[in-house]
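Below is one structure; the comments refer to it alone.
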Protein chains: 2
Amino acid sequence: MAYRYEYPHPAVTTDIVVFTIRQDELEVLLIERESPPFQGAWALPGGFVNPEESLEEGARRELAEETGVSGVSLEQLYTFGEPDRDPRERVITVAYYGVVPADRLETRAASDAAALAWFDVQELPELAFDHAHIVRMARERLAARLDGSTIAFQFMPEMFTLSDLQRVYELILGQALDKRNFRKKLVAAGLVEDTGEERRDGAHRPAKLYRLAGRRGVGAIR
Amino acid sequence: MAYRYEYPHPAVTTDIVVFTIRQDELEVLLIERESPPFQGAWALPGGFVNPEESLEEGARRELAEETGVSGVSLEQLYTFGEPDRDPRERVITVAYYGVVPADRLETRAASDAAALAWFDVQELPELAFDHAHIVRMARERLAARLDGSTIAFQFMPEMFTLSDLQRVYELILGQALDKRNFRKKLVAAGLVEDTGEERRDGAHRPAKLYRLAGRRGVGAIR
DNA sequence: GCAAAAGTGTTCTAGGTACACCCATGT
DNA sequence: ACATGGGTGTACCTAGAACACTTTTGC
């Protein structure tokens with residue numbers, strides 16, 4: 001039941017920063033640690049990489065096991081390996097980030113029954129290890145990748161209004177955008193297409209529903 | 001003399017892609033492997049991370065030990081961890097890349113006397129492990145970071161001509177650039193400053209020598 | 001004087017930014 | 001009828017792209 005090596009080997013983990021937008025806030029999924037170190041503190045989901053799985057598979061598995069979130073596309077963020085980042089032993093962590101649409105946040109109770117919650121990125125609690133650093137870097141990366149990718153659409157359900165999409169950009173970039181310019185750019189880039197449907201949800205003109213251009217129903221992005 | 005753990009731990013290494021420009025070519029530093037696997041094949045410098053050093057320190061140390069190259073600023077590139085990327089055991093590698101100026105390429109003989117050589121990135125030999133993949137990714141990253149950073153200047157000696165600098169851009173981007181627009185952009189960005197000196201090296205008008213703006217003599221970039 | 005690289009401005013185009021009003025609905 | 005968010009076009013400005021000739025030197 002012991003594994004031995006001729007030279008010292010560090011432990012390798014993955015940590016995953018999952019973003020969503022709820023209640024007009026950019027939020028991150030955290031779990032409460034049930035055992036030391038940092039017992040009771042909030043931390044990113046993640047865990048040890050198994051010998052037979054790739055890093056991304058490990059991240060995906062841990063995320064599903066600990067939070068019930070699956071089917072998210074993950075991007076590698078950075079690898080953190082300061083010798084003292086974990087007080088127990090040398091732990092190197094490969095961080096990933098991803099986005100879940102607000103309409104399917106079924107974070108089923110974690111298998112190990114640990115507490116699980118979404119936090120506004122603006123008001124995070126004290127985080128375990130160097131996780132605050134990881135989240136900060138993930139935010140920066142998310143903002144940097146917004147233009148020139150379709151990440152923003154990953155926050156959206158299949159059909160969405162342009163106002164909703166604009167709100168995603170504004171929350172991530174942290175600044176207001178001009179409505180007309182925003183729409184013009186999307187149309188010019190050919191990113192969205194009209195579904196022909198509308199949504200009415202208040203005392204105002206109904207909003208047209210769009211989808212990411214290129215996929216009708218189910219299909220590949222890009 | 002054996003290290004034991006309750007759970008299996010992968011080995012963790014760093015690999016370093018060092019670029020330079022020599023003979024009007026973008027080149028990469030490789031070492032010849034002296035032992036299996038891939039004995040005799042060319043590979044990136046790198047090796048196991050020690051327990052008490054950070055990942056970047058490990059990369060820097062391995063680079064110095066194996067190639068004699070030091071004082072290079074390294075950027076983390078990506079972490080590669082496919083389960084079968086090393087036939088011996090599970091090895092996860094954190095890849096870094098960096099740039100050395102052509103005027104101090106003192107690649108002193110490696111401590112372990114392995115062969116060491118610069119290769120044109122266009123004509124690489126067969127590389128060990130997934131190192132071809134790593135080099136490809138490093139090239140893309142280098143090109144992507146060219147604008148909006150001062151990486152290009154790391155290829156240059158302290159003083160350089162604008163034609164030399166332009167050649168760096170052209171080699172990395174793989175396309176010819178307009179001389180006037182190139183100079184205009186550098187000046188507009190305030191990146192270079194005239195040293196007042198000239199270089200004459202042929203039957204033509206001497207070229208003015210510039211340096212990276214902001215540092216007179218020795219000083220910090222940015 | 002000729003070959004060879006250094007140096008230098010202007011015009012055009014496209015993309016980004018600023019900006020204000022009418023429209024369709026629910027109550 | 002009024003409050004609420006949805007939807008639309010034009011003018012300006014700036015950054016990037018295209019483009020050709022003169023200068024200074026070594027031989």
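What you see is a predicted model, and the numbers here were worked out from it, not measured in a lab. For the numbers below, each heavy atom of this structure counts, side chains included, while hydrogens, waters and symmetry mates do not. In what follows, every chain begins at residue 1, and chains take the letters A, B, ... in the order their sequences are listed.
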Along DNA chain C (nearest heavy atom to each residue), the more 5'-positioned of B:His204 and B:Tyr210: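 Here B:His204 is the residue nearer the 5' end.
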
Do [X] and [Y] come close enough that some side-chain heavy atom pair is under 4.5 Å?
X	Y	answer
A:Phe19	A:Arg139	yes
B:Leu116	B:Leu29	yes
A:Asp15	A:Tyr96	no

Between [X] and [Y], does at least one N-O distance fall below 4.0 Å, as a salt bridge requires?
X	Y	answer
B:Glu65	B:Arg61	yes
A:Arg199	A:Glu197	no
B:Glu27	B:Arg22	yes

Starting at [atom1] of [X] and ending at [atom2] of [N], how long is that distance when rounded to a whole Å?
X	N	atom1	atom2	value
B:Leu186	D:dA15	CG	P	15 Å
B:Lys185	C:dT8	NZ	C1'	18 Å
A:Gln175	C:dG16	CD	P	14 Å
A:Asp201	C:dG26	CG	C1'	11 Å
B:Phe182	C:dA6	CZ	P	12 Å
B:Asp164	C:dA5	CG	P	12 Å
B:Gln166	C:dT8	CD	C1'	14 Å
A:Arg167	D:dG5	CZ	P	12 Å

Report the nucleotide, chosen from [options], that has the shortest atom-to-atom distance to any side-chain atom of [X].
X	options	result
B:Asn181	C:dT25, C:dC19, D:dA18	D:dA18
A:Arg180	D:dG26, C:dC19, C:dT8	C:dC19
B:Lys184	C:dT10, D:dT8, D:dG5	C:dT10
A:Arg200	D:dG7, D:dT25, C:dG26	C:dG26
B:Ala207	D:dG7, C:dT25, C:dA6	C:dA6
A:Pro206	C:dA24, C:dT8, D:dT25	C:dA24
B:Lys179	D:dT8, C:dA3, C:dT8	C:dT8
B:Arg205	D:dT4, D:dG7, C:dA5	C:dA5

Sugar-phosphate, base or nothing in reach of B:Asp178, heavy atoms under 4.0 Å: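 Base contact.
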
Touch class at under 4.0 angstrom, heavy-atom based, for A:Thr161 against every strand present: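 No contact.
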
Side-chain N,O (B:Ser163) to OP1/OP2 (C:dA6) below 4.0 Å: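 Yes, within the criterion.
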
Side-chain donor/acceptor of B:Arg199 to base of C:dA5, under 3.5 Å: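 No, no donor-acceptor pair under 3.5 Å.
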
